[in-house]
Amino acid sequence: MHMTTAEIRTAFLEYFRKEGHEVVPSSSLVPHNDPTLLFTNAGMNQFKDCFLGAEQRSYVRATSAQRCVRAGGKHNDLENVGFTARHHTFFEMLGNFSFGDYFKQDAIRFAWNFLTQVLQLPAEKLCVTVYQTDDEAFDIWAKEIGVPEANIIRIGDKPGKPAYTSDNFWQMGDTGPCGPCTEIFYDHGEEIWGGRPGTPEEDGDRFIEIWNIVFMQFNRHADGTMEPLPKPAVDTGMGIERVAAIMQGGHSNYDIDIFQRLIKAAAEVTGATDLDNKSLRVVADHIRSCAYLIVDGVMPSNEGRGYVLRRIIRRAVRHGRKMGANDTFFYKLVGELAEVMGSAGEELKKQQPMVEKVLKIEEENFARTLDRGIALLNDALDSLDGKELDGDTVFKLYDTYGFPADLTNDVARERGFTIDEAGFETAMEAQRQRARDAGQFGTDYSKVLTIDGATSFCGYDHTAEQGTLQGIYVDGNAVEQLADDSEALLVLDNTPFYAESGGQVGDTGLLRTEAGLFQVFDTQKTGEAITHKGKLQSGALALGDQVEAQVDAERRDAIKLNHSATHLLHAALRNVLGEHVTQKGSLVMADRLRFDFSHLEGMTADELAQVEAQVNQQIRINHAIETELMDIDAAKAKGAMALFGEKYDDEVRVLTMGDYSVELCGGIHAQRTGDIGLMKIVSEGGIAAGVRRIEAVTGAGALAYVADQEAQLAKTASLVKGDSASVASKVQGLLDRNRQLEKELDQLKQKLAAAASANLVDQAIEIAGTKVLISQLENADSKALRGMVDDLKNQLGSGIVLLGNVAGGKVGLIAGVTKDLTAKVKAGELVNLVAQQVGGKGGGRPDMAMAGGTDAAALPAALDAAKTWLTEQL
């Protein structure tokens, strides 16, 4: 049975939906609040807190088609992509998950039924693996599913390694949830080389793993003990590309419909004619990861996730050039990708113009970098004593300029050199190890603070409420009472305190009981519990105490105004700059708001004025700010925008401000837009490639800002002896006068320099028949030195000039050589010789060069050394 990739995705999700699973959308490729991951690389990433017990959802079984990227950190196979059948930077992982619901029996049954009944794969083409000691899974496969025992392979721990190091034993980290796995393999046929899992030939392409089922059965402690989990869980993954290859009669993932269309599109834009060219595979794979990383907020940069994206783009561009592409081409594949991804391409279609622009700019920048890299390589080859280019230089070209070793080798070979391939590989392996080390989980999950139960939040309409003290935590440990001023976390069953979320900071305030007073400095969320962080001010607290919770209402009111203003600001930015603008982060505080958004260029003064005017117009209209609870599909149908990186429950809060702004938001807001009073933009600037930041103030803060600006204006007017109406013309007059005075000053300096040069020319000496003038000046005007040297050269007619100027403790050097002498003496070499002796360096043209230095005391000796050097040259 032939199925397209889109049909397989739909069939998988529909099968598990009918089996009671919640269909959960793919999460962002940028992991939400997870610093241990570079990119989302598995379906379970977005459910990690569910597996850890820190988060409760409205469902206990889920299914998803998760987009993943593996191109850095622990999973870094970038150099293999395009040259093997199954390595990719981007792939989709189909998965089904159980959070303490079903376990081994159902998980195995679901997988087998989908493969053999829905996809109709022949059972005889499948074999399975289990962990060596997992008799339970073995018996389910053999006795309940009916797989012949010869086709059930036990995989033990690796020889000479500690326990639980088997490929069939999964661990979230060195500690925490872990357990055995069972994997399903497909036999591509005896005409393909390779052996079954567990055999020496297992790395061949005949038997390919298509489904992995992880049974989270234990909690591993730091001392190595395995504690059975009270609610065992299931995490599965099936690569859609591998299954599509089978369903479409191929053996390589690159044979499937998605890649065949992308390969043909890549051939069209690069001019390639051989569709089997491996470089076409590279380009087809890389457009997927690059486009979706940009959609999810990653921009090319020189660090972190942005650096990985830049490397992938550059690798694609290199391969395009290798096939003959002479112009920018990579961005032209975005439209085809959006179409070929079907239902998984909807987000990409919305942001297609922005994605294309980012890729085009990056490719154009790389073209310039490529030229600089070639120049650096040629310089390195020019300076070689032998015939081999060292591995460190080859690696630097690769790591800094994106040159693969084979490209460096090609250029070197054309000039009769070789490269140190072993040294390059040593440097590459060191980088891989750094990446692996950086990608390891660093969290001891057995020490993660987990709080049972949930807190009811009642603070949307109240800033004071009664609650019961349900938990007291000091240094992560639960205690029954608090009697000192140690920093503590308190948990109530009911609270009006808002926990930090969605950019809105947590509330502060007081918790009172009959026996104690506790000051809250911050409010956060841990799992389903709201934690009040602070210190005891007086008395004592104990579990079960009745608490009067009082939020700092004045601070809360100021935060509400700023939060509502961010929604208006978001809508105004999209109106003025375009629909590509999406929120990339925010911080809503009492005294100001900060809003980060996607945009490739700095905003003009006119654009900022338009945005501010639109926001203030909506404030004056005085829209009612309304919230509705509805399911996520209804919210999307209403046009609500979800904020970047946020996770939403099935039932969401939709915040509406007239027909101007509709967004999903769980934060606290003003009642009407008019409550904001006024918004003033304080600053706009870039914080990362393609990400801008606006800071603004509202309400009383905005009025204070305006008052401060007026005070500054009045002060300026007073200084120029004018008023607010005439200050601009007064300042303009001063600037014009200042420019005139600077012009006159320059003319005077040139006259002084000419006079000085007339005196200096008499100091010229002859070296081997050549006139040479070397002199040390004190506090001469640096701008006039160039004109002075030109004048001295003219007076000498034929000769060499070297001037050293000491001003403010720094050394300035300038050398001039008349054209007839540059074959013997180059000004750049002369000035650099002196500069090195005074703590600097420099260079320039053969006839004129400048340099600087820091060691003024060494200048006389350096100038004397220059005479000696000139004697040798002349």
Side-chain angles (χ1 to χ4, degrees), residues 1-27 42-44 46-47 59 61-68 86 88 90-98 101-102 105-128 145 147 182-188 208-214 234-262 288 292 337-349 632-633:
M1 179 173 65
H2 183 282
M3 293 179 73
T4 66
T5 304
E7 288 171 342
I8 294 169
R9 185 191 301 113
T10 300
F12 182 90
L13 297 176
E14 182 61 18
Y15 171 78
F16 281 99
R17 186 190 66 78
K18 289 181 178 177
E19 292 290 352
H21 292 66
E22 180 77 14
V23 178
V24 180
S26 172
S27 65
M44 65 80 63
Q46 68 164 308
F47 302 115
Y59 45 84
R61 51 177 73 181
T63 185
S64 68
Q66 175 64 51
R67 53 181 182 259
C68 303
R86 274 165 287 280
H88 301 294
F90 175 98
F91 58 95
E92 283 187 275
M93 186 67 80
L94 302 173
N96 59 287
F97 312 91
S98 167
D101 184 23
Y102 61 81
Q105 188 176 42
D106 285 339
I108 290 173
R109 176 175 59 85
F110 288 147
W112 189 257
N113 287 351
F114 180 76
L115 292 174
T116 60
Q117 295 177 19
V118 179
L119 300 187
Q120 298 180 20
L121 295 182
E124 62 272 15
K125 297 282 282 182
L126 303 174
C127 65
V128 300
I145 303 300
V147 175
T182 182
E183 298 175 329
I184 305 173
F185 287 74
Y186 180 82
D187 182 0
H188 277 269
I208 298 300
E209 175 203 336
I210 57 174
W211 203 319
N212 183 19
I213 308 173
V214 175
V234 172
D235 160 27
T236 82
M238 180 172 73
I240 197 171
E241 294 84 2
R242 294 187 178 194
V243 176
I246 295 170
M247 299 305 294
Q248 294 171 26
H251 300 302
S252 166
N253 290 4
Y254 290 98
D255 293 335
I256 69 175
D257 51 357
I258 285 179
F259 280 115
Q260 285 302 299
R261 281 184 59 179
L262 289 174
R288 297 214 298 168
Y292 277 98
L337 173 63
E339 290 297 327
V340 79
M341 289 298 287
S343 60
E346 293 175 2
E347 293 175 70
L348 179 56
K349 286 181 181 178
I632 189 71
D633 292 332

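These values consider heavy atoms only, across backbone and side chains, with no hydrogens, waters or symmetry-generated copies. Position 1 is the first residue of the sequence; numbering continues from there.
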Q | Considering all heavy atoms, the nearest Ser343-Arg9 contact | A | OG-NH1, 3.5 Å
Q | Considering all heavy atoms, the nearest Ile184-Ala111 contact | A | CD1-CB, 3.9 Å
Q) After noting the C-alpha distance and the side-chain angles of Glu22 and Thr63, does the key distance pass the side-chain hydrogen bond (donor to acceptor under 3.5 Å, both in side chains) rule? A) CA-CA 6 Å; Glu22 180 77 14; Thr63 185; over 6 Å; no
Q: Please list, chain by chain and in numerical order, all residues satisfying side-chain hydrogen bond (donor to acceptor under 3.5 Å, both in side chains) with Asp235, sequence neighbours excluded.
A: none
Q) Between Lys349 and Glu346, does at least one N-O distance fall below 4.0 Å, as a salt bridge requires? A) no
Q.
So, taking the atom named CD in Glu7 and the one named CG in Asp257, what distance separates them when rounded to the nearest 0.5 Å?
A. 8.5 Å
**Q.** From CA spacing to verdict: side-chain hydrogen bond (donor to acceptor under 3.5 Å, both in side chains), Asn96, Thr236
**A.** CA-CA 6 Å; Asn96 59 287; Thr236 82; 2.7 Å; yes
Q) Taking the six-membered ring where the residue is Trp, are the ring centres of His88 and Phe259 under 6.0 Å apart? A) yes
Q | Rounded distance (nearest 0.5 Å) linking atom CD1 of Ile208 with atom CG of Asp187 | A | 10.0 Å
(Q) Applying side-chain contact (heavy atoms from CB on, under 4.5 Å) to Phe185 and Leu126, what does each step give before you reach the verdict? (A) CA-CA 6 Å; Phe185 287 74; Leu126 303 174; over 6 Å; no
Q.
Can you tell me how the ring of His21 sits relative to the ring of Phe16, calling it parallel under 30°, perpendicular over 60° and tilted otherwise?
A. perpendicular
Q) Between Phe110 and Tyr15, which heavy-atom pair has the shortest distance, and what is it? A) O-OH, 3.2 Å
(Q) Do Glu241 and Thr5 pair up side chain to side chain, a donor and an acceptor below 3.5 Å, judged on atom types alone? (A) no
Q: Assess whether side-chain contact (heavy atoms from CB on, under 4.5 Å) is satisfied between Asp106 and Ile108, documenting all intermediate values.
A: CA-CA 5 Å; Asp106 285 339; Ile108 290 173; over 6 Å; no
Q) What is the minimum heavy-atom distance between Ser98 and Tyr102, and which atoms define it? A) OG-O, 2.8 Å
Q | Partners meeting ring-ring contact (aromatic ring centres under 6.0 Å, His included) with Phe90 (sequence neighbours left out) | A | Tyr292
(Q) For the CG atom of Leu262 and the CD atom of Gln260, what is their distance to the nearest 0.5 Å? (A) 9.5 Å
(Q) Whether the side chain of Gln120 engages the backbone of Leu115 through a donor-acceptor N/O pair (distance < 3.5 Å, no angle test) should be reported. (A) no
Q: Kindly compute the distance separating CD1 (Ile8) from CD (Glu92), expressed to the nearest 0.5 Å.
A: 10.5 Å
Q) What are the two closest heavy atoms between Asp255 and Gln248, and how far apart are they? A) O-OE1, 4.3 Å
Q.
Once rounded to the nearest 0.5 Å, what's the spacing between atom CG of Leu94 and atom CE of Met238?
A. 5.0 Å
Q: For the pair Tyr59 and Asp101, evaluate side-chain contact (heavy atoms from CB on, under 4.5 Å) and give the outcome as yes or no after the intermediate values.
A: CA-CA 10 Å; Tyr59 45 84; Asp101 184 23; over 6 Å; no
(Q) Could you check whether any side-chain N or O of Glu183 sits under 3.5 Å from a backbone N or O of Trp211, counting only pairs where one atom can act as donor and the other as acceptor? (A) no
**Q.** Steps toward ring pair (Phe, Tyr, Trp, His ring centres under 6.0 Å) verdict (Tyr186, His251)
**A.** CA-CA 11 Å; Tyr186 180 82; His251 300 302; 8.8 Å; no
Q: Kindly write out the residues that satisfy side-chain hydrogen bond (donor to acceptor under 3.5 Å, both in side chains) with Glu339, not counting sequence neighbours, or none if the list is empty.
A: none
Q) Hey, is CD on Glu347 packed in by over 12 heavy atoms from elsewhere, all under 6.0 Å? A) no
Q. In Å and rounded to the nearest 0.5 Å, what is the CD to CZ distance from Glu19 to Arg61?
A. 7.5 Å
Q: Test Met247 against His2 for side-chain contact (heavy atoms from CB on, under 4.5 Å), laying out the working first.
A: CA-CA 5 Å; Met247 299 305 294; His2 183 282; over 6 Å; no
Q: Compare every heavy atom of Met341 with every heavy atom of Ile258, then report the nearest pair and how far apart it is.
A: CD1-SD, 4.0 Å
